[in-house]
Amino acid sequence: MIKFLDLHKINEQYRTQIDERIKNVLDSGWYLLGKEDENFEEHFASYCGAKYCVSCGNGLDALMLIIKAYGFGKGDEIIVPANTYIASILAISYNGCTPVLVEPDINTYNINPDLIEEKITAKTKAIMVVHLYGQAVQMDKIWALAKKYNLKVIEDSAQAHGAGVKINGDLRKAGNLGDASGFSFYPGKNLGCLGDGGAVTTNDKELADKVRALRNYGSNIKYHNIYQGVNSRLDEIQAAVLDAKLPYLDKDNQRRREIANYYLANINNKKIIMRKSYQELANVWHVFPVRTEKRDEFQQYLKDNDIQTLIHYPIPPHKQECYKEWNNLSLPVTEEIHRTIISIPISPVMTDTEAEKVVEVINRY
Ligand SMILES: *Cc1c(COP(=O)(O)O)cnc(C)c1O
């Protein structure tokens with residue numbers, strides 16, 4: 001069986017380092033918001049090219065805390081792609097803001113920048129871009145709109161550690177493409193810990209300080225609560241594991257890219273539609289999505305050939321039971337993507353033989 005994502009094998013690569021770092025935490029007697037956390041925050045900020053990184057409990061909290069820290073709430077609108085993972089949208093509605101759904105581009109699956117301006121109203125406070133499936137959003141038009149209408153740009157970078165946009169040959173990474181960015185370190189992400197974890201990156205000191213207080217009950221100095229905060233901390237074990245794995249992230253992403261390029265060059269079947277990549281962007285292939293008309297049949301066919309797949313995602317947010325008020329909205333591009341999309345195996349630990357088998361089986365479909 002070719003696994004969709006062999007998490008055991010991914011972490012096994014760094015077994016020695018992880019074991020040692022976990023042991024150090026146990027020995028230290030300090031388990032939350034300590035040295036490991038500070039080190040990781042510093043290293044991850046520097047990796048992203050951002051001035052500040054504030055860790056937190058998970059990716060949803062990272063996004064939720066950014067919106068809370070900006071003080072956006074009831075009556076405020078935030079623009080978000082309609083086909084994102086539901087967490088992006090939950091972070092908005094949790095704060096009482098109204099998510100304004102914008103259709104994606106059918107070729108890239110990222111937000112269609114040409115459809116944003118018509119959705120901007122006097123209540124719009126921010127544009128949330130989602131670097132979906134590991135491909136950074138083309139930011140030029142979004143930066144221009146943010147400037148024109150005085151909006152914040154919030155990045156959902158949960159699937160895009162190390163992805164970015166090449167500007168004059170230099171890579172500007174997710175985490176440094178907006179005013180603030182939320183990351184998840186859920187085990188299956190490109191940089192994953194051994195449980196839940198998340199972080200906010202930003203160049204805005206005031207925002208960083210506020211998120212730092214908010215994640216810890218709203219307190220800046222112990223037992224001085226300046227905000228009504230939450231408890232969303234990254235524990236020292238997870239911070240240590242992330243810090244141990246961070247130096248290998250580029251290598252792991254490069255291996256994903258090799259497999260993706262191999263797929264792009266060799267999958268050749270009229271029934272399979274590949275995603276368009278923007279050339280100037282560095283894609284980290286969090287997943288490798290393809291689209292096909294008879295998706296469920298294709299998934300069964302791959303399963304019969306011992307290839308595990310997943311669907312990101314089967315139901316669009318506006319069709320979910322929790323957002324009943326949107327169930328009748330018509331978002332044809334989003335719905336078409338959800339009807340036809342399927343993710344085939346890609347991971348840093350996949351072998352050439354496995355990738356070859358995936359191609360051979362798909363071309364035979
Ligand atoms: C995983 C993910 C999140 C949420 O991260 P958690 O750590 O699971 O809370 C948010 N947005 C996107 C696009 C994601 O893929």
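Here the structure is a predicted model, which is why all the values come from computation and not from measurement. Indexing begins at 1, ligand by ligand and atom by atom, following the structure's order.
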Candidate list Gln135, Lys276, Arg291, test side-chain hydrogen bond (donor to acceptor under 3.5 Å, both in side chains), partner Tyr109, passing option = Arg291

Quick note on ligand 1: atoms under 4.0 Å from a heavy atom of Asn58 include exactly 7 (O), 9 (O)

Check: His224 side chain, Asn220 main-chain N or O, donor-acceptor pair, under 3.5 Å | no

Taking NZ, NE, NH1 and NH2 as the nitrogens, is one of them in Asp209 or Lys205 under 4.0 Å from a carboxylate oxygen of the other?
-> yes

In this structure, atom 10 (C) of ligand 1 is nearest to the protein heavy atom Ala87 CB, 3.4 Å

Which protein non-hydrogen atom lies closest to atom 8 (O) of ligand 1, naming both residue and atom, and how far is it?
-> Ser184 OG, 4.0 Å

Distance under 6.0 Å and angle within 45° of the ring axis: does Lys173 meet both against Tyr47?
-> yes

Does Asp196 reach ligand 1 with a nitrogen or oxygen that is under 3.5 Å from one of the ligand's nitrogen or oxygen atoms?
-> no

If you have a sec, work out which protein heavy atom is nearest atom 13 (C) of ligand 1 and how many Å separate them, to one decimal?
-> Asp156 OD2, 3.4 Å

With a cut-off of under 6.0 Å to the ring centre and 45° to the axis, is Arg275 in cation-pi contact with Trp285?
-> yes

Is the shortest N/O to N/O distance between Phe185 and ligand 1 below 3.5 Å?
-> no

Between Tyr14 and Asp252, does any side-chain donor sit less than 3.5 Å from a side-chain acceptor?
-> yes

Closest non-hydrogen protein atom to atom 9 (O) of ligand 1, residue and atom name please, with distance?
-> Leu60 N, 2.9 Å

Under 4.0 Å from a heavy atom of Ala158: give me the atoms of ligand 1 that qualify, with their elements.
-> 2 (C), 3 (C), 10 (C), 11 (N), 12 (C), 14 (C), 15 (O)

Looking only at protein heavy atoms, identify the closest one to atom 1 (C) of ligand 1 and say how far it is in Å.
-> Lys189 NZ, 1.7 Å

Establish, yes or no, whether the cationic atom of Lys125 lies under 6.0 Å from the six-membered ring centre of Tyr70 and within 45° of the ring axis.
-> no

